[in-house]
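As structure tokens, the structure follows; a few thoughts come after it.
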Amino acid sequence: MMTKPELMKRMVKGPDGLEFEVDPLRDYYCEAPPTVMPGAYIQIVEDFFNWARSQSLWILGFGTGCGAIEMRPLMTPRFDAYRFGVAWRPTPRQANLFIISGYLSTKTLKRAIRAYEQMQNPKYVIGLGSCTINGGMYWDSYNTIKKLDEYLPVDLYIAGCMPRPEALLAGFEEMKKIIRAGKAEGANQYAENFAWYKANQKRVIHDWDMPDYNW
Amino acid sequence: MDFDWMKIPYAFLTVFIVVNYGFLMGALIQKIGARAGRRHGIPIWQYYLDVIKNYGLRSSITHGVMFYLGPVFRLSGGVGLLLFMPVIYGSYMFSNFSFAGDLILALYFVFFGTLGMALGAGESGHPHAAIGVTRGLQQVSMAELPFAMAVFSVALQYQTLSMTDIVAAQQGGLANWTLFTNPIAVAAAMLAFLGSMMRPPFDVFIAPQEIPIGPPTEYHSSYLALMQTNRAIFPVAKIVIYMNLFFGGAGSWPELFVKVFFLYLFSAFVGVCFPRFRVEQSVRFFLVWGVPLGILSIMVV
């Protein structure tokens, strides 16, 4: 950790000749750990929000494994997921559903964690394919993670190798039910068990070169 | 000048009607675009749900004061535009705060939101946002040129800077519309219209497939919801300007709804037929086709 030169504390000379110290991890990132955010005080308001959230699932356009290819047909006329209020957003800031689509190598896990942490509460994770459940056909691979649940709070798994787009559509409908029931509190779960998740993540990611929490 | 306080609630009513109309029409146009791609597309009420969801998100982060103000500027650009125009011609309730020189103010307000966005997106510190907004400003400024010329041409033609007077001059039949009395100016303005509606072929700077989503990259939760609300108001407000200047205005809400819908449909129609321009291509397009038409329209008048 902290071996990369661009992350080390250093003196920088500004364009006006003034020298100042830069500590990238502190100056460029905010390291405040996540907090548990309760829902609206009045239950009926929270239910209303949950209903709206369930009808407007914005998926982060981030494909991790072979399952990414199963998500693309959902945008096409054949499956057309937009009918169900499902849309894709290119930036984690605006997305609230993260689909881990298949196997997740430890290298990609790092990016997945960063992307997940940049999403706004409440946020949901769907594990697509057997690889996210128990490693699937990569059960003895040296550089893929086996149980996604140990690294990110998963709300729903869609089993199969690979599940077809129809299975994904059915999964979205299940996800909606979970959200409407108010049980999709993955973001708060992540905040509550933050130390446990971080320990698990750091156990597999050896070149940890980012702050512990990316906002 | 005496001010009638009753105009304020009436103006709120205008904004309310336009927000709802904007949401529904936006979704309808989206559905029509989807049909062109042989899909069913989003449900007609989808935009309401998206906005409620975004307002309902629990967390949001800020990058500074300007980051807050970006969406606020953008929304005030849209609302301001709407409030200083005669939305319904001849109606006391919906003439809003229009005054003798409202055309100049409208020209300014069309640009206002984009500038606010530039400041806000710049402060987010995301390189995609900075690049996106630079490209967006480049293109919108270019698209603004033919429109400004068309507006000058129309102002010269009717010898007034008041939108109400311009609409009044177009009353009494189809042949009195600027569309038929000054077709060159309308042609120039409609090219500019395509350029500023944020639809293909002129939407490369916010396209998700390009530099991811451009200016709003960092915007989320209620910031994004504010911008979505503006996405409902602003196009309608802008089309109302076009309708007032070139297509005879509207004497009632149904007439307004129909005219605005068809004008919006025009940009959607072009959008599904043509692929995206790169920014430098669209700049060239406006210089080669838009600006000469604009100059010609001024000279003819």
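Per chain, numbering begins at 1; letters A, B, ... match sequence-line order.
There is no contact between A/T35 and chain B, counting heavy-atom distances below 4.5 Å. Looking at A/P92, neither its backbone nor its side chain comes within 4.5 Å of chain B, counting heavy atoms on both sides. Neither the backbone nor the side chain of A/R78 comes within contact range of chain B, judged by heavy atoms closer than 4.5 Å. For A/F79, no part lies under 4.5 angstrom from a heavy atom of chain B. Using a 4.5 Å cut-off between heavy atoms, B/L224 touches chain A through its side chain atoms alone. Both the backbone and the side chain of A/Y82 come within less than 4.5 Å of a heavy atom in chain B.
Within the 4.5 Å cutoff, the side chain of B/P43 has no heavy atoms near those of the A/R83 side chain.
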side-chain contact (heavy atoms from CB on, under 4.5 Å) assessment of B/I61 paired with A/Q120:
CA-CA 9 Å; B/I61 51 162; A/Q120 300 301 316; 4.1 Å; yes
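Within a 6.0 Å sphere centred on CZ of B/F269, heavy atoms belonging to other residues, nucleotides or ligands number 12 at most. Heavy-atom contacts from other residues, nucleotides or ligands closer than 6.0 Å to CH2 of A/W196 number more than 12. For B/I8, the CD1 atom sits in a packed shell: over 12 heavy atoms of surrounding residues, nucleotides or ligands are nearer than 6.0 Å. The environment of A/F20 atom CZ is dense: over 12 non-hydrogen atoms of other residues, nucleotides or ligands sit within 6.0 angstrom. In this structure, B/Y55 places its OH atom where more than 12 heavy-atom neighbours from other residues, nucleotides or ligands lie under 6.0 Å away.
Nearest heavy-atom pair, A/G39 versus B/R58, reported as atom, atom and distance to 0.1 Å: CA-NE, 3.5 Å. Closest approach of B/L57 to A/P122, counting heavy atoms only: CD2-CD, 3.6 Å. When all heavy atoms of B/G37 and A/P77 are compared, the closest pair comes out as O-CG, 3.2 Å.
Your options are B/I52, B/N54, B/V51, and the one with the most heavy-atom pairs under 4.5 Å with chain A is B/I52. When each of B/H126, B/R39, B/Q30 is checked for heavy-atom pairs under 4.5 Å with chain A, B/R39 comes out on top.
For the atom pair B/T217 OG1 and A/R89 CZ, the distance stands at 10.5 Å (nearest 0.5 Å). We find the OH-CZ distance between B/Y223 and A/R93 to be 10.0 Å, quoted to the nearest 0.5 Å. Put simply, OG1 on A/T91 and CD on B/E218 are 6.5 Å apart, with the number rounded to the nearest 0.5 Å.
Under the 3.5 Å distance criterion, the side-chain polar atoms of B/D50 are left unmatched by any main-chain donor or acceptor of A/S56. Side-chain atoms of B/S59 come within 3.5 Å of backbone atoms of A/N121 as a donor-acceptor pair (strictly under, hydrogens ignored). The main-chain N or O of B/P216 is found under 3.5 Å from a side-chain atom of A/Q94 such that the two form a donor-acceptor pair.
Of all residues spanning residues 106-113 of chain A, none has a heavy atom less than 4.5 Å away from chain B's heavy atoms.
Note that B/K53 lies in the cation-pi zone of A/W58, set by a 6.0 Å cut-off to the ring centre and a 45° limit from the axis.
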